[in-house]
Amino acid sequence: MRSVLLWLPLAILGIAAGTGGESVAAQEPSPPHLLQRVRHVLADEGRLAAAIEAGRERGAFCFYCHGEDGNSRRPHVPKLAGQNPVYLLDQIERFATGARRTTYMQALARRFTDEDKLNLVIYFSSQPLRPAGGDPALAARGEPIYRSRCIGCHGLDGRGRRGYARLAGQQPEYLFRTLREFRDPGGRRDSPIMRTMVQGLSDGELRALAHYLASLR
Ligand code: HEC
Ligand code: HEC
C-alpha cells in the first residue's frame, strides 16, 4: 500500500497541475465532471485507500486480460497500470454508451455502477507501470514524428496529463492498431482530434511511433 500511495501523486500531478477551471474545460478531451469525480477521491487519503481496495475486488475479473496489476502481457490488450484515471473513466463511459466499439468491453462496462467504474480506474491507475519496451531502431524513427505532432496533448514524456491518455510504456501492438483505427475510416474509435493527428502517416510511421512510445518509461 505504501508504494501505491507514494507513486499515485506523481501520476496525478499532471491532472492537478494547470486545472484552472473553465479555460481548461474548454479544451479538455474528457468531460470536466469526470475530472471532478476523480479529484474528489484523490484529495482524501482514506477515500483513496477505500477506492483502491474496492477496485481491486471488483477488478478481479479484469485481471485475466489486463493483468492483476494492470500490466497486460497480451500484445493487443492495453496496460491500465499507471494510466491516467480520468482518461480511463472516460473510456469506460464510452464503452458503456457504445461511442467506442468493442463488443466485449461494451457488454462489461454496462454492468458497472458509477461507483464501480470510479473504483476500478483508481485501482488500475494506482498500480506501477512496467513499460512494455519497443524495438530500438523503430523507436528512433518514431521519436521525431512524436515530437513534431503529439507532445501538445500527450506531453514530451508521453505520460499524458489532465484528460489525455498516457502512451509511455504501452503495448506497441495495441498502440499500432489503435493509431490505425483512428486513421482509417469506419474505425471502432471515432475521434476527430486523433484522426487529424495521424492523417497522412503510413503504417510504417505508425509502427515507428508505437515502438517509440512503448520504449518510454
Ligand atoms: C477478455 C479480455 C478482457 C477482459 C476480461 C477485460 N478487458 Fe478491458 N480491454 C480488452 C481489450 C482487448 C481492450 C482493447 C480494446 C480495443 O482495442 O479498443 C480493452 C480495453 C480496455 C480499456 C481501454 C484502455 C485504453 O487504453 O484505452 C479499459 C479502460 C478497460 N479495458 C478496462 C477493463 C476493466 C475495468 C475490466 C474488468 C472489469 C476489463 N477491461 C476486462 C480486453 C479485456
Ligand atoms: C490535440 C490533442 C492531441 C494530440 C496533438 C494528439 N492526441 Fe492522441 N489523443 C487525443 C485524445 C482527445 C484522445 C482520446 C480519443 C478518444 O478516445 O476519443 C487521444 C488518444 C490517443 C491514443 C489512444 C490511447 C489508448 O490508450 O488507447 C493514442 C495511442 C494516441 N492518442 C496517440 C497519439 C499520437 C501518436 C499523436 C501524434 C501523432 C497524438 N496522439 C496526438 C488528443 C491528442
Side-chain angles (χ1 to χ4, degrees), residues 27-31 55-68 70 72 74-97 99-113 116-125 127 129 132 142-156 158-183 187-201 205-214 216:
Q27 56 187 71
E28 199 57 47
S30 314
R56 190 198 311 273
E57 268 174 39
R58 206 75 175 94
F61 187 62
C62 327
F63 298 168
Y64 178 69
C65 295
H66 290 283
E68 178 163 2
S72 145
R74 300 166 181 239
H76 65 289
V77 180
K79 287 175 182 272
L80 306 177
Q83 182 54 279
N84 179 338
V86 181
Y87 167 76
L88 287 180
L89 193 55
D90 189 29
Q91 294 301 311
I92 291 182
E93 295 293 354
R94 284 171 197 238
F95 285 131
T97 63
R100 177 170 173 183
R101 295 185 295 279
T102 308
T103 316
Y104 185 77
M105 286 303 310
Q106 277 178 250
L108 204 56
R110 288 202 192 99
R111 281 199 238 148
F112 293 122
T113 64
D116 289 336
K117 293 174 192 166
L118 191 58
N119 292 338
L120 284 166
V121 306
I122 296 287
Y123 169 70
F124 281 113
S125 65
Q127 301 303 302
L129 172 76
E143 180 170 4
I145 310 174
Y146 183 75
R147 285 178 180 253
S148 68
R149 292 195 181 218
C150 319
I151 58 177
C153 297
H154 296 285
L156 189 59
R159 292 187 182 176
R161 56 203 179 92
R162 301 205 301 274
Y164 295 111
R166 174 182 182 128
L167 307 174
Q170 187 54 278
Q171 289 285 0
E173 188 58 31
Y174 169 76
L175 287 171
F176 171 64
R177 288 188 192 200
T178 299
L179 291 171
R180 233 179 17 188
E181 276 173 12
F182 282 133
R183 184 194 62 190
R188 293 179 296 118
R189 294 182 73 169
D190 196 20
S191 165
I193 296 181
M194 276 308 300
R195 193 180 319 128
T196 313
M197 293 309 147
V198 293
Q199 222 154 37
L201 294 179
E205 287 170 313
L206 296 186
R207 201 174 278 288
L209 270 171
H211 280 265
Y212 172 64
L213 292 167
L216 296 178

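Every number for a ligand or one of its atoms is a count from 1 in the order of the listing.
A cation-pi geometry, defined here as NZ or CZ lying under 6.0 Å from the six-membered ring centre and within 45° of its normal, does not hold between Arg56 and Tyr123. Cation-pi geometry between Arg74 and Tyr64 is met: the NZ or CZ atom falls under 6.0 Å from the ring centre, inside 45° of the normal.
Nearest non-hydrogen protein atom to atom 40 (N) of ligand 1 is His66 NE2, 2.8 Å. Of the protein's heavy atoms, Phe95 CE1, 3.5 Å lies nearest to atom 22 (C) of ligand 1. Annotation: atom 18 (O) of ligand 1 to nearest protein heavy atom, Arg100 NH2, 2.8 Å. Among all non-hydrogen protein atoms, the one lying nearest atom 12 (C) of ligand 2 is Pro29 CB, 3.4 Å. Considering only non-hydrogen protein atoms, atom 16 (C) of ligand 2 sits nearest to Arg94 NH1, 3.5 Å. Looking at atom 24 (C) of ligand 2, its nearest protein heavy atom turns out to be Tyr87 OH, 3.4 Å. Protein heavy atom nearest atom 11 (C) of ligand 1, with residue, atom name and distance: Pro78 CD, 4.1 Å. For atom 29 (C) of ligand 1, the closest non-hydrogen atom on the protein side is Leu88 CD2, 3.7 Å. Cys65 SG, 2.8 Å is the protein heavy atom nearest to atom 3 (C) of ligand 1.
In summary, no N, O or S atom of Cys62 is located under 2.8 Å from atom 8 (Fe) of ligand 1. Distance check for Met105 against atom 8 (Fe) of ligand 1: an N/O/S atom falls below 2.8 Å.
In the vicinity of Leu179, heavy-atom distances shorter than 4.0 Å reach the ligand 2 atoms 29 (C), 32 (C), 35 (C). Per-residue contacts place Phe112 under 4.0 angstrom from the following atoms of ligand 1 (heavy atoms of the residue considered): 38 (C). Close contacts between ligand 2 and Tyr174 involve ligand atoms 25 (C), 26 (O), 27 (O) [criterion: under 4.0 Å to a heavy atom]. Close contacts of ligand 1 with Phe61, meaning ligand atoms under 4.0 Å from a residue heavy atom, involve 5 (C). Taking a cut-off of under 4.0 Å to the non-hydrogen atoms of Gln91, the atoms of ligand 2 that pass are 16 (C), 17 (O).
Across Pro78 and Ser72, no two heavy atoms sit closer than the pair O-CB, 3.7 Å.
Around atom 8 (Fe) of ligand 2, the protein contributes the following N, O or S atoms under 2.8 Å, ordered by chain and number: His154 NE2, Met194 SD.
The distance from atom CG of Leu156 to atom CZ of Arg147, rounded to the nearest 0.5 Å, is 5.0 Å. Rounded to the nearest 0.5 Å, atoms CG (Leu179) and CD (Glu205) are 11.5 Å apart. The distance from the CZ atom of Arg94 to the CG atom of Asp190 is 9.5 Å, given to the nearest 0.5 Å. To the nearest 0.5 Å, atoms CZ (Arg183) and CZ (Arg195) are separated by 12.5 Å. Taken to the nearest 0.5 Å, the CZ atom of Arg110 stands 8.5 Å off from the OG1 atom of Thr97. Between Arg207 atom CZ and Glu173 atom CD the span is 5.5 Å, to the nearest 0.5 Å.
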*asked:* Determine whether Leu213 and Gln170 satisfy the following criterion, side-chain contact (heavy atoms from CB on, under 4.5 Å), listing intermediate values before the conclusion.
replied: CA-CA 7 Å; Leu213 292 167; Gln170 187 54 278; over 6 Å; no

*asked:* Determine whether His66 and Val77 satisfy the following criterion, side-chain contact (heavy atoms from CB on, under 4.5 Å), listing intermediate values before the conclusion.
replied: CA-CA 6 Å; His66 290 283; Val77 180; 3.4 Å; yes

*asked:* Would Leu216 and Leu167 count as a side-chain contact (heavy atoms from CB on, under 4.5 Å) here? Give the steps.
replied: CA-CA 8 Å; Leu216 296 178; Leu167 307 174; over 6 Å; no

*Just do the side-chain contact (heavy atoms from CB on, under 4.5 Å) check on Val198 and Leu206 with the steps written out, would you?*
CA-CA 8 Å; Val198 293; Leu206 296 186; 4.2 Å; yes

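Of the candidates Thr102, Asp90, Leu80, the one placing a heavy atom closest to atom 28 (C) of ligand 1 is Leu80.
Counting heavy atoms under 4.0 Å from ligand 1, residue Arg188 touches it through the side chain alone. The side chain of Leu108, and not its backbone, has at least one atom closer than 4.0 Å to an atom of ligand 1 (non-hydrogen atoms only; side chain from C-beta on). For Leu175, every heavy-atom contact with ligand 2 shorter than 4.0 Å involves the side chain, none the backbone.
Between His154 and Tyr164, the ring planes lie perpendicular to each other; the angle is over 60°, past the 30° to 60° tilted range. Note: Phe63 and Phe124 have perpendicular aromatic rings, judged against thresholds of 30 and 60 degrees for the angle between ring planes.
For the pair Ile145 and Tyr212, the minimum side-chain heavy-atom distance is 4.5 Å or more.
Considering both main-chain and side-chain atoms, Tyr146 never comes within under 3.5 Å of ligand 2 through any nitrogen or oxygen pair. The shortest N or O to N or O distance between Gln170 and ligand 1 is not under 3.5 Å.
Under the 3.5 Å distance criterion, with hydrogens and angles disregarded, a donor-acceptor pair is assigned to the side chains of Arg189 and Gln91.
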